[in-house]
Amino acid sequence: MSETLLVADGSKREKYEMLLPQVEALLRAETDAVANMANVAAAVMETFHFLWVGFYRVSGEQLVLGPFQGPLACTRIRHGRGVCGTSWAEDRTVVVPDVEQFPGHIACSSASRSEIVVPVRKDGRVVAVLDVDSAELATFDDVDARYLEQLCRLMAYVL
Ligand code: SME
(Lines give C-alpha, C1' and ligand atoms only; values in the text may rest on other atoms or scores of the structure.)
Protein backbone atom coordinates (compact mmCIF):
# COMPACT_ATOMS: atom_id res chain seq x y z
CA MET A 1 0.00 0.00 0.00
CA SER A 2 1.38 3.36 -1.02
CA GLU A 3 1.61 5.97 1.73
CA THR A 4 0.66 8.78 -0.62
CA LEU A 5 -2.91 9.95 -0.29
CA LEU A 6 -4.74 11.05 -3.43
CA VAL A 7 -7.00 14.05 -2.87
CA ALA A 8 -9.76 14.99 -5.34
CA ASP A 9 -9.93 18.57 -6.56
CA GLY A 10 -13.70 18.90 -6.81
CA SER A 11 -16.66 19.01 -4.42
CA LYS A 12 -16.56 17.54 -0.94
CA ARG A 13 -18.59 14.62 -2.23
CA GLU A 14 -15.81 13.92 -4.74
CA LYS A 15 -13.20 14.27 -2.01
CA TYR A 16 -15.02 11.71 0.16
CA GLU A 17 -15.48 9.39 -2.83
CA MET A 18 -11.72 9.39 -3.32
CA LEU A 19 -10.93 9.19 0.42
CA LEU A 20 -13.12 6.24 1.38
CA PRO A 21 -11.55 3.51 -0.81
CA GLN A 22 -8.09 4.64 0.30
CA VAL A 23 -9.14 4.39 3.95
CA GLU A 24 -10.52 0.93 3.25
CA ALA A 25 -7.19 -0.12 1.73
CA LEU A 26 -5.25 1.31 4.67
CA LEU A 27 -7.42 -0.56 7.16
CA ARG A 28 -7.15 -3.79 5.21
CA ALA A 29 -3.35 -3.60 5.33
CA GLU A 30 -3.01 -3.09 9.10
CA THR A 31 -4.66 -4.57 12.19
CA ASP A 32 -3.31 -2.29 14.93
CA ALA A 33 -6.07 0.00 16.21
CA VAL A 34 -3.83 2.95 17.15
CA ALA A 35 -1.95 2.86 13.83
CA ASN A 36 -5.25 2.81 11.97
CA MET A 37 -6.87 5.64 13.95
CA ALA A 38 -3.70 7.70 13.43
CA ASN A 39 -3.64 7.21 9.67
CA VAL A 40 -7.39 7.75 9.28
CA ALA A 41 -7.19 11.04 11.21
CA ALA A 42 -4.27 12.06 8.98
CA ALA A 43 -6.10 11.06 5.79
CA VAL A 44 -9.20 13.11 6.70
CA MET A 45 -7.01 16.06 7.67
CA GLU A 46 -4.93 15.87 4.50
CA THR A 47 -8.10 15.75 2.39
CA PHE A 48 -10.00 18.61 4.03
CA HIS A 49 -7.60 20.61 6.23
CA PHE A 50 -10.13 20.88 9.03
CA LEU A 51 -9.09 22.41 12.36
CA TRP A 52 -9.06 19.12 14.29
CA VAL A 53 -9.71 15.47 13.40
CA GLY A 54 -9.42 12.64 15.86
CA PHE A 55 -10.80 9.79 17.90
CA TYR A 56 -11.95 9.43 21.48
CA ARG A 57 -12.22 5.89 22.79
CA VAL A 58 -14.74 4.62 25.32
CA SER A 59 -12.99 3.65 28.54
CA GLY A 60 -15.38 2.83 31.38
CA GLU A 61 -17.56 5.89 32.02
CA GLN A 62 -15.39 8.25 29.98
CA LEU A 63 -14.11 8.96 26.52
CA VAL A 64 -10.32 9.10 26.38
CA LEU A 65 -8.41 10.98 23.70
CA GLY A 66 -6.97 8.80 20.95
CA PRO A 67 -4.92 9.55 17.83
CA PHE A 68 -5.67 12.95 16.31
CA GLN A 69 -4.42 15.74 14.07
CA GLY A 70 -4.61 19.35 15.19
CA PRO A 71 -4.16 21.45 18.32
CA LEU A 72 -3.91 19.92 21.81
CA ALA A 73 -7.24 18.59 23.05
CA CYS A 74 -9.02 17.64 26.29
CA THR A 75 -8.02 14.12 27.27
CA ARG A 76 -11.19 12.90 29.02
CA ILE A 77 -14.89 13.54 28.40
CA ARG A 78 -17.66 12.17 30.60
CA HIS A 79 -20.63 10.19 29.29
CA GLY A 80 -23.28 12.59 28.01
CA ARG A 81 -21.00 15.66 28.21
CA GLY A 82 -20.15 17.93 25.32
CA VAL A 83 -20.78 17.01 21.70
CA CYS A 84 -18.65 13.87 21.93
CA GLY A 85 -20.28 12.59 25.12
CA THR A 86 -23.72 13.32 23.64
CA SER A 87 -22.95 11.37 20.47
CA TRP A 88 -21.80 8.44 22.62
CA ALA A 89 -24.74 8.58 25.06
CA GLU A 90 -27.37 8.98 22.34
CA ASP A 91 -25.58 6.66 19.89
CA ARG A 92 -26.01 9.05 16.97
CA THR A 93 -24.15 11.43 14.71
CA VAL A 94 -24.29 14.98 16.07
CA VAL A 95 -23.85 17.89 13.64
CA VAL A 96 -23.27 21.27 15.32
CA PRO A 97 -23.40 24.25 12.91
CA ASP A 98 -22.43 26.72 15.66
CA VAL A 99 -20.69 25.39 18.76
CA GLU A 100 -21.78 28.43 20.79
CA GLN A 101 -25.38 27.30 20.36
CA PHE A 102 -24.73 23.77 21.66
CA PRO A 103 -25.42 23.63 25.41
CA GLY A 104 -22.46 22.04 27.19
CA HIS A 105 -20.09 22.19 24.23
CA ILE A 106 -16.53 21.57 25.46
CA ALA A 107 -14.21 24.14 23.93
CA CYS A 108 -10.85 22.41 23.56
CA SER A 109 -9.83 25.12 21.10
CA SER A 110 -11.31 28.61 20.98
CA ALA A 111 -10.84 28.52 17.19
CA SER A 112 -13.49 25.81 16.77
CA ARG A 113 -16.78 27.16 15.32
CA SER A 114 -18.59 24.04 14.08
CA GLU A 115 -18.29 20.33 14.71
CA ILE A 116 -19.45 16.84 13.77
CA VAL A 117 -19.15 13.75 15.96
CA VAL A 118 -19.86 10.25 14.64
CA PRO A 119 -20.02 7.12 16.79
CA VAL A 120 -17.96 4.03 15.93
CA ARG A 121 -19.99 0.94 16.79
CA LYS A 122 -18.74 -2.57 17.36
CA ASP A 123 -21.11 -5.44 18.11
CA GLY A 124 -23.92 -2.94 18.60
CA ARG A 125 -22.08 -0.78 21.17
CA VAL A 126 -20.33 2.56 20.78
CA VAL A 127 -16.60 1.91 21.29
CA ALA A 128 -15.24 5.27 20.08
CA VAL A 129 -16.27 8.51 18.40
CA LEU A 130 -14.75 10.36 15.48
CA ASP A 131 -14.68 14.10 16.20
CA VAL A 132 -14.07 16.71 13.50
CA ASP A 133 -13.84 20.45 14.23
CA SER A 134 -13.87 23.35 11.81
CA ALA A 135 -12.71 26.94 12.23
CA GLU A 136 -15.72 28.03 10.10
CA LEU A 137 -19.40 28.08 11.01
CA ALA A 138 -21.75 25.46 9.50
CA THR A 139 -19.05 23.39 7.80
CA PHE A 140 -20.78 20.02 8.20
CA ASP A 141 -24.02 18.71 6.71
CA ASP A 142 -25.70 15.45 5.70
CA VAL A 143 -22.99 14.74 3.13
CA ASP A 144 -20.29 14.76 5.81
CA ALA A 145 -22.53 12.74 8.12
CA ARG A 146 -23.18 10.08 5.50
CA TYR A 147 -19.55 9.63 4.44
CA LEU A 148 -18.07 9.86 7.93
CA GLU A 149 -20.61 7.26 9.11
CA GLN A 150 -19.39 5.02 6.28
CA LEU A 151 -15.81 5.63 7.42
CA CYS A 152 -16.75 4.76 11.03
CA ARG A 153 -18.36 1.52 9.88
CA LEU A 154 -15.00 0.57 8.33
CA MET A 155 -13.24 1.48 11.61
CA ALA A 156 -15.39 -1.00 13.52
CA TYR A 157 -13.37 -3.89 12.07
CA VAL A 158 -10.09 -2.59 13.44
CA LEU A 159 -11.10 -1.34 16.91
N1 SME B 1 -15.82 19.91 21.41
C2 SME B 1 -15.82 18.56 21.90
C3 SME B 1 -14.60 18.26 22.72
C4 SME B 1 -13.48 17.65 21.95
S5 SME B 1 -12.61 18.76 21.06
O6 SME B 1 -13.48 19.46 20.10
C7 SME B 1 -11.33 18.06 20.25
C8 SME B 1 -17.09 18.30 22.70
O9 SME B 1 -17.86 19.24 22.98
O10 SME B 1 -17.31 17.16 23.06
Side-chain angles (χ1 to χ4, degrees), residues 5 7 12 15-16 19-20 22-23 26-27 30 32-159:
L5 187 79
V7 179
K12 76 172 163 187
K15 288 186 193 299
Y16 280 116
L19 173 64
L20 266 288
Q22 294 181 91
V23 164
L26 277 172
L27 299 180
E30 177 56 63
D32 186 84
V34 171
N36 282 324
M37 286 187 282
N39 260 348
V40 168
V44 175
M45 184 59 102
E46 201 175 330
T47 299
F48 292 103
H49 304 286
F50 292 129
L51 176 68
W52 197 93
V53 181
F55 292 90
Y56 281 89
R57 281 199 283 185
V58 172
S59 174
E61 286 307 300
Q62 296 182 321
L63 292 168
V64 180
L65 182 63
F68 70 95
Q69 296 265 318
L72 287 184
C74 343
T75 55
R76 288 172 187 269
I77 296 173
R78 301 221 311 267
H79 190 249
R81 296 298 169 90
V83 188
C84 292
T86 299
S87 172
W88 173 26
E90 297 181 5
D91 191 356
R92 64 180 179 92
T93 297
V94 181
V95 176
V96 181
D98 179 353
V99 297
E100 285 178 17
Q101 304 303 316
F102 187 93
H105 168 259
I106 300 164
C108 291
S109 162
S110 58
S112 175
R113 308 292 300 284
S114 59
E115 182 164 359
I116 183 169
V117 180
V118 181
V120 180
R121 300 182 187 93
K122 193 180 174 77
D123 303 326
R125 294 176 62 86
V126 178
V127 293
V129 298
L130 170 64
D131 181 15
V132 185
D133 285 55
S134 166
E136 316 288 329
L137 285 171
T139 296
F140 307 104
D141 57 19
D142 286 352
V143 173
D144 302 278
R146 204 178 75 226
Y147 283 105
L148 293 176
E149 283 168 1
Q150 230 172 289
L151 188 152
C152 285
R153 278 196 290 277
L154 298 173
M155 290 302 299
Y157 297 104
V158 297
L159 286 186

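All ligand and atom numbering here is 1-based and tracks the order in the structure.
- If you look at W52 next to ligand 1, the close heavy atoms, those under 4.0 Å, all belong to the side chain.
- Taking any N or O of G82, backbone or side chain, none lies under 3.5 Å from an N or O belonging to ligand 1.
- The closest side-chain donor-acceptor pair between Q62 and R76 falls under 3.5 angstrom.
- For the pair A73 and ligand 1, the shortest N or O to N or O distance does not fall below 3.5 Å.
- With hydrogens and angles ignored, the 3.5 Å screen pairs no side-chain donor or acceptor of D91 with any backbone N or O of W88.
- Taking every heavy atom of D133 and a limit of under 4.0 angstrom, the matching atoms of ligand 1 come to 6 (O).
- Looking at D131 against ligand 1, only its side chain comes within 4.0 Å, counting heavy atoms.
- For ligand 1 and C108, the ligand atoms under 4.0 Å from any heavy atom of the residue are 3 (C), 4 (C), 5 (S), 7 (C).
- Interface atoms of ligand 1 facing C84, defined by a heavy-atom separation under 4.0 Å, are 8 (C), 10 (O).
- The distance between the ring centers of F140 and F48 does not fall below 6.0 angstrom.
- Close approach of ligand 1 to E115 (heavy-atom distance below 4.0 Å) involves ligand atoms 1 (N), 2 (C), 6 (O), 8 (C).
- Judged by distance alone, with hydrogens and angles left aside, the side-chain atoms of S114 form a donor-acceptor pair with the main-chain N or O of T139 at under 3.5 Å.
- Residue Y56 places a heavy atom under 4.0 Å from ligand 1.
- Annotation for ligand 1: atoms under 4.0 Å from non-hydrogen atoms of H105 are 1 (N), 9 (O).
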